[in-house]
Amino acid sequence: MHEVWGLAALWLGLALVATLLSIWFRIATALSEIVVGTVAQLLIGALIGTTLGSDTPWIKFLSGTGAIVLTFLAGAELDPVIFKAKWKKL
C-alpha cells in the first residue's frame, strides 16, 4: 500500500514541476506536462530501472483521462476570433 502512495506522490510532484516550468518558461501547460513526463520516465527508468508503475490499472485510467484533457486543452488554446474569421478555410 505504501508504494501506491509513494507513486502517487511522485506523479503529483512531477505535475507540480511541469506546472511551475510552464509558468517560468511561459509555454503551454500541456506541452510542459508531456515533456516533464517523458524526461522523468526516461531518467528514472535509466537510473532505477522502474517504469513508474505505468502497468497499474489506476495509472492507465489516469493517463487515458489525461490524454482526453490534454486534447481539450490543445483545442481550448485556439484563438476564437481568428477561428471565427477563418473557419471556412479550415
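This one's a predicted model, so the numbers in the text were calculated from it and none came from an experiment.
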Report the residues that fulfil side chain to side chain contact (heavy atoms under 4.5 Å, CB included) with F25, sequence neighbours left out, ordered by chain and then residue number.
L21, I27
May I ask whether V36 and L12 are part of the same hydrophobic cluster, defined by side-chain heavy atoms of I, L, V, M, F, W, Y residues being less than 4.5 angstrom apart, directly or through others?
no
Under 4.5 Å side-chain linkage, directly or through intermediates, the cluster mates of L20:
L16
In this structure, would I23 and V35 fall into the same cluster of hydrophobic residues linked by side-chain contacts under 4.5 Å?
no
Quick check: does any side chain N or O of T29 sit under 3.5 Å from a backbone N or O of S22, one acting as donor and the other as acceptor?
no
Side-chain heavy atoms nearer than 4.5 Å, only ILVMFWY residues, links allowed to pass through others: does that put L43 and V17 together?
yes
How many angstroms lie between atom CG of L14 and atom CD of E33, to the nearest 0.5 angstrom?
10.5 Å
Going from OG on S32 to CH2 on W24, what distance comes out if it is rounded to the nearest 0.5 angstrom?
14.5 Å
